[in-house]
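Here's the structure, in structure tokens; my notes come after.
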Protein chains: 2
Amino acid sequence: MALVSIKDVARAAGVSDKTVSRVVNREANVHPDTMEKVERAIAELNYVPNLSARLVRTNQSRTIGVMTDLVSTTPYSGEILRGIHDWAKRFNKTVLIIHTGGDPEEEERAWRTFQEHRADGVIYATMFHRDAGLRRDALKLPTVMVNCFSSSDPDLPAIVPDDYGGCVGLIDHLLDLGHRRIAHVRLNPNLKAAHLRLAAYRDTLARRGIEVDETLVAEGMDGEVGKDLNVAFESTLALLKRDEPPSAIFCGNDEIALQVYCAVLSQGLQIPRDVSVVGFDDFQTVSKGLRPQLTTAALPYFRLGYEGAALLETLLGEHDVKGVSVMDCPLVSRGSTGAALER
Amino acid sequence: MALVSIKDVARAAGVSDKTVSRVVNREANVHPDTMEKVERAIAELNYVPNLSARLVRTNQSRTIGVMTDLVSTTPYSGEILRGIHDWAKRFNKTVLIIHTGGDPEEEERAWRTFQEHRADGVIYATMFHRDAGLRRDALKLPTVMVNCFSSSDPDLPAIVPDDYGGCVGLIDHLLDLGHRRIAHVRLNPNLKAAHLRLAAYRDTLARRGIEVDETLVAEGMDGEVGKDLNVAFESTLALLKRDEPPSAIFCGNDEIALQVYCAVLSQGLQIPRDVSVVGFDDFQTVSKGLRPQLTTAALPYFRLGYEGAALLETLLGEHDVKGVSVMDCPLVSRGSTGAALER
DNA sequence: TTGTAAGCGTTATCAT
DNA sequence: ATGATAACGCTTACAA
């Protein structure tokens, strides 16, 4: 009943176990005839090697653990996992994912599970860009952080998106189109990205010689992350009803842009004729679903995962890997931005 | 250098390997004192059992393989995977995910990988509801289909969402609000769901004694699934400009609803005052992001995954499991629907 | 080129 | 209640 083992193959082919092992692992020094005999037996018996048995002997699991704080859904961040899987497939590794929801007890269990499986290393991935607050002694295995970092130990290897740079690109784009009154509807201020994006907004305007009008900065959402209360619609209505309304609105992300669209359109205004709108994330269901489609900056979730896995591999290769790397958020120019009206 | 094994613990505790094994596996008949000695040694040496070694002996991997056709992103369907993970965590199983993109060669490789890991069974999950066309002899392990089915072998165990029933709920809801001219902006007709949703639309109107006006059925998208061309915006404009415009629009899904919103609002109309709108999927970034929020039917992705895993377990327990089960798509009533205007 | 013997870390069997 | 011994399926080391 038990599955066929290397011994069954050996018997069928009339050779020793070791010879079968050689064929399976494509080792040198096997006579072509022997090889053929063995391969025929393998095919006939439908033999598939047992990875666990191999691991017991070699101690090489070729497995990486992935720990995420995923609870409900920040939809596209699942792309991080796809990036990791893609890398793993290419390099023939196994991926073991555990969603902990950020619960410390669950995380403790996850570390243990990774150890039980003798994972080579771990990717600690968060579903939004944040301080994971990890301490070196909490890591039971070599670890790379993805989409997060540790303020208490900044040397720990990490990869995060370049929120700041992406926003610079967006604001420059609007300025190049002639916009001078650019409003900002903010992300939830509990998010790291909210601060980076606001800073980039202010800095870029200043660099280009535009005075920052703080009354053009409005709240878009608030409350605990994931259960945020979204007020972007109301904030936008208020902005539009001002005496001197903005000619462009820079939204904290695409989800906010969605509400900004609803508000702008409900006032009988047109995008981009009356108001240009830019988002952030390139959350495609929204950014490509809106009419006109949304100009935004792409959060490189897939690459974050892929490069994170690659970085872990470097780390495991005993190379020194230190500190936080940053991934581009390229501008994606679509129909929601146009030249500012002459006044 | 090698990790600490059961022998190291046995030596440290002054007992035999087997006794340590007994403690680790909480077997009966261990003296409390012995148990304590052993547990102290385990803690001191930081011993973690090696699952692979255990598997070699017991032949119980407690692992389920998951094969998906995920390529780029149908965002929320990642929830299927979360449902599977949740189930697995609760029942202490390991999940092995492979994204094949639907490529037959990749699928072949995936089956082999599952066999190498001695997975107990497999979940074959697709990212949208469709005919997977699987044949029994292609399955190398006990398999349950999730979000898909096999027309060529309808007895294969499968779980799919109740697209039809969900739409009945939506249309009934609109009829109860007094709407009589309900338009339908369709899903991509290459999707199974497109036909189910259209059929439910027609059947429900007929059942309630409303004559189906086929000119109120408009195309929403077309082309290869995943790269669809979305024309819902234009279709909606055409519907609204008719002499007798619809008082409500039933959208093929939430993504289409997004465009319908843009079209309705751009005409200076209000939702739901002038037009009620319903979607399908409850794709929350859209359905809860729109203003007003969208009335829709919830695609139970998470439950599909969770129940799929549970069904696989039943199948592995040698119970007979046959045919396709169906999961409810409950109505989620929000602000986009209101009473029809008197005429 | 091929085979033998030992061993990886665990559990199963059967004594004690 | 505890332990000795064999066994799981594979690879390593070494011999032939």
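In the text below, chain A, chain B and the rest are named by the order of the sequence lines, each starting its count at 1.
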Is a side-chain donor or acceptor of A:R135 paired with a backbone partner of A:S150 at a separation under 3.5 angstrom?
no
Whole angstrom value for the distance that separates P of D:dG3 from CD of B:E27:
14 Å
Rounded distance (Å) that lies between atom C1' of D:dT5 and atom CZ of B:R57:
11 Å
How close or far is atom C1' of D:dA4 from atom CD1 of B:I6, stated in whole angstroms?
15 Å
I need the NZ-C1' distance between B:K7 and C:dA6, as an integer number of Å.
11 Å
Whole-Å gap separating C1' (C:dC8) and CD (A:Q60):
13 Å
Side chain of A:R118, base of C:dG9: donor and acceptor closer than 3.5 Å?
no
DNA chain C contacts among residues 34-52 of chain B, heavy-atom distance under 4.0 Å:
B:Y47, B:P49, B:N50
In residues 10-21 of chain A, which residues come under 4.0 Å of DNA chain D by heavy atom?
A:K18, A:S21
Of B:A28 and A:N25, whose closest DNA chain D nucleotide lies nearer the 5' terminus?
B:A28
Roughly, in whole Å, what's the span from CG in A:N29 to P in D:dA16?
18 Å
The nucleotide from D:dC10, C:dT10, D:dT2 with an atom nearest the side chain of B:V30 is D:dT2
With distance as the sole test, does B:N147 use its side chain to make a donor-acceptor pair with the main-chain N or O of B:A125 at under 3.5 Å?
no
Step by step, would you call A:E307 with A:W87 a side-chain contact (heavy atoms from CB on, under 4.5 Å)?
CA-CA 8 Å; A:E307 299 299 333; A:W87 184 90; over 6 Å; no
Tell me, with the steps shown, if B:Y301 and B:R82 meet side-chain contact (heavy atoms from CB on, under 4.5 Å).
CA-CA 9 Å; B:Y301 283 131; B:R82 213 171 60 81; over 6 Å; no
Is there side-chain contact between B:H85 and B:I97, with at least one heavy-atom pair below 4.5 Å?
yes
Provide, to the nearest angstrom, the distance between the CG atom belonging to A:N59 and the P atom belonging to D:dT11.
14 Å
Taking all heavy atoms of B:V321 and all of B:P157, pick out the closest pair and write down the distance.
CG1-CB, 3.6 Å
Under 30°, 30 to 60°, or over 60°: which ring-plane class applies to B:F114 and B:W111, parallel, tilted or perpendicular?
perpendicular
Quick one: A:L55 CG to C:dG9 P, roughly how many Å, whole number?
10 Å
Taking A:S52 for the side chain and A:N50 for the main chain, is one N or O donor matched with an acceptor at less than 3.5 Å?
no
Partners meeting side-chain contact (heavy atoms from CB on, under 4.5 Å) with B:T94 (sequence neighbours left out):
A:L96, A:H117, B:T63
